[in-house]
J.: 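There's a structure below that I have some questions on.
Below, chains carry the letters A, B, ... as their sequence lines are ordered, and counting in each starts from 1. In this text, all values refer to a predicted model and were calculated from it rather than measured experimentally. Quick note: numbers below take in every heavy atom, side chains included, and nothing from hydrogens, waters or symmetry partners.
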Number of protein chains: 2
Amino acid sequence: MATQLAEACPIVEVLDHVAGKWSIGIIVAAANGPVRFTELERTVEGISRRMLTLNLRKLERDGLLVRTVYPTVPPKVEYTLTDMARELYASLSGLLGWAERHRGEIACARAVYDAAS
Amino acid sequence: MATQLAEACPIVEVLDHVAGKWSIGIIVAAANGPVRFTELERTVEGISRRMLTLNLRKLERDGLLVRTVYPTVPPKVEYTLTDMARELYASLSGLLGWAERHRGEIACARAVYDAAS
DNA sequence: CTGTATCCTTAAGGATACTG
DNA sequence: CAGTATCCTTAAGGATACAG
């Protein structure tokens, strides 16, 4: 195992990278095997090409995504989750499940709150 | 159980509210019982008074936090997680654990990536 | 103590056009 | 196909001052 540099990377910063709207979308989209750029562009609802690129680079830099370039014409690039990211996906699934189960309740709470104000 | 209005509240929006840096910090800070405003201001690292207020309101509106005002002098306000939020906290804990376990690995990955560029 | 109000700065992100 | 580059708009957030 490598040096780890644990102090260099506070948890909040890690979460900030990983828990963002776009990051979650990308990780979920890549959970079932390698995905291509255009595929992500279509799958991750509402993301722009720019944001997709930026987030892919960020995730790759953090060691969550591996970028594989096939030198064909036209070019083909695949993004694959690393083991670390797969483990993350398990945690994210919990979060997603919670959101799914409670979205109705949340919508109600909002309606009540807004009505009271 | 109420009407649920499920369609009114897409999962990505729910996640956006709940997975933010400040929201996570507040929920974690409130996990061990009711907390007061100033307590949160000190506990949630780096949050400003303004951001704290805004996020508390948002979480309250979503039905994750209950705000209790004690009409004393000086005033005392306590924020308590709802059952729904407690369940969320369980999921967040998984995420936090992951971040804790992999922060070193992530720092390494970044160092490698940055060295290669 | 628990906020609100205002102003201001920075960063996130969209739109569009262009490239290997 | 898979991006990059540029410009521009909006939203997030900090600083400060004030109030119930």
Side-chain angles (χ1 to χ4, degrees), chain A residues 10 12-27 29-30 33-62 64-81 113-114 116-117, chain B residues 10 12-27 29-30 33-62 65-81 113 116-117:
Chain A
V12 285
E13 198 204 325
V14 174
L15 287 178
D16 231 28
H17 275 212
V18 137
K21 182 165 79 175
W22 301 134
S23 300
I24 294 180
I26 292 173
I27 290 169
V35 279
R36 301 181 58 174
F37 189 87
T38 314
E39 208 175 338
L40 285 167
E41 213 175 350
R42 277 183 283 103
T43 309
V44 182
E45 197 80 7
I47 198 169
S48 67
R49 188 168 305 173
R50 184 181 128 85
M51 276 301 103
L52 180 53
T53 303
L54 290 178
N55 277 275
L56 286 172
R57 295 289 169 275
K58 192 175 66 179
L59 293 172
E60 190 194 354
R61 184 168 105 101
D62 283 356
L64 296 171
L65 234 45
V66 174
R67 180 171 180 267
T68 312
V69 183
Y70 298 93
T72 58
V73 180
K76 172 179 172 180
V77 177
E78 277 186 350
Y79 293 92
T80 313
L81 294 189
Y113 184 95
D114 293 346
S117 66
Chain B
V12 286
E13 199 206 324
V14 174
L15 286 178
D16 230 28
H17 274 212
V18 138
K21 183 164 80 175
W22 301 136
S23 300
I24 294 180
I26 292 172
I27 291 168
V35 278
R36 302 181 57 175
F37 189 87
T38 313
E39 209 175 338
L40 286 168
E41 213 175 350
R42 276 182 285 104
T43 310
V44 182
E45 199 80 8
I47 199 170
S48 68
R49 188 167 305 173
R50 184 180 128 85
M51 275 303 103
L52 180 53
T53 302
L54 289 179
N55 277 275
L56 286 172
R57 294 290 169 275
K58 192 176 66 180
L59 293 172
E60 190 194 354
R61 184 168 106 100
D62 283 356
L65 233 45
V66 174
R67 180 171 179 267
T68 312
V69 183
Y70 299 92
T72 58
V73 181
K76 173 179 171 180
V77 178
E78 276 186 350
Y79 293 91
T80 313
L81 295 189
Y113 184 94
S117 67

J.: Tell me: CD of B:Glu41 to P of D:dA15, nearest whole Å?
T.: 12 Å
J.: Evaluate the side-chain proximity of A:Leu59 to A:Ile26: yes if any heavy-atom separation is below 4.5 Å, no if none is.
T.: yes
J.: Check the phosphate of C:dC1 against B:Thr72, side-chain N and O only, distance under 4.0 Å to OP1 or OP2. Yes or no?
T.: no
J.: Rounded to whole angstrom units, what separation is found between the CZ atom of B:Phe37 and the P atom of C:dT2?
T.: 8 Å
J.: Between C:dG3, D:dA2, C:dC1, which nucleotide has the shortest distance from any of its atoms to the side chain of B:Arg67?
T.: C:dG3
J.: Please state how far atom CG in A:Leu52 lies from atom C1' in D:dG3, giving the value in whole angstrom units.
T.: 10 Å
J.: Report all interatomic pairs (protein N or O, nucleotide N or O of nucleotides 17-20 of chain C) with separations under 3.5 Å.
T.:
none

J.: Just how far is it from atom CG of B:Leu65 to atom CZ of B:Arg57, taken to the nearest 0.5 Å?
T.: 10.0 Å
J.: So which protein N/O to nucleotides 10-14 of chain D N/O distances come out below 3.5 Å?
T.:
from	atom 1	to	atom 2	distance (Å)
D:dG13	N7	B:Arg50	NH2	2.6
D:dG14	OP2	B:Ser48	OG	3.1
D:dG14	O6	B:Arg50	NE	3.3

J.: To the nearest 0.5 Å, tell me how far A:Arg49 CZ sits from A:Thr38 OG1.
T.: 7.5 Å
J.: Considering just the side-chain nitrogens and oxygens of A:Tyr79, establish if one lies under 4.0 Å of OP1 or OP2 belonging to D:dC1.
T.: no
J.: Quick one: pull up CZ in A:Arg61 and NE2 in A:His17 and give me the separation to the nearest 0.5 Å.
T.: 6.5 Å
J.: With heavy-atom distances below 4.5 Å as the criterion, would you say the side chains of A:Val18 and A:Ser23 are in contact?
T.: no
J.: Kindly compute the distance separating CH2 (B:Trp22) from CG (B:Leu56), expressed to the nearest 0.5 Å.
T.: 12.5 Å
J.: Applying a 4.0 Å non-hydrogen cut-off, can you work out what A:Thr38 is touching in the nucleic acid: base, sugar-phosphate, or nothing?
T.: sugar-phosphate
J.: Grab the two heavy atoms, one from A:Ala29 and one from A:Val35, that are nearest each other, plus how far apart they are.
T.: O-CG1, 3.5 Å
J.: Would you compute the distance between atom NZ of B:Lys21 and atom CG of B:Asn55 and round it to the nearest 0.5 angstrom?
T.: 10.5 Å
J.: Write down the distance between CG (B:Leu40) and P (C:dT2), rounded to a whole number of angstrom.
T.: 9 Å
J.: Rounding to a whole Å, what distance do you find between A:Tyr70:OH and D:dA2:P?
T.: 12 Å
J.: For A:Val77, what residues pass the side-chain contact (heavy atoms from CB on, under 4.5 Å) criterion, not counting sequence neighbours?
T.: A:Arg67, A:Val69, A:Tyr79
J.: C:dT4 C1' sits how many Å from B:Arg57 CZ, rounded?
T.: 10 Å
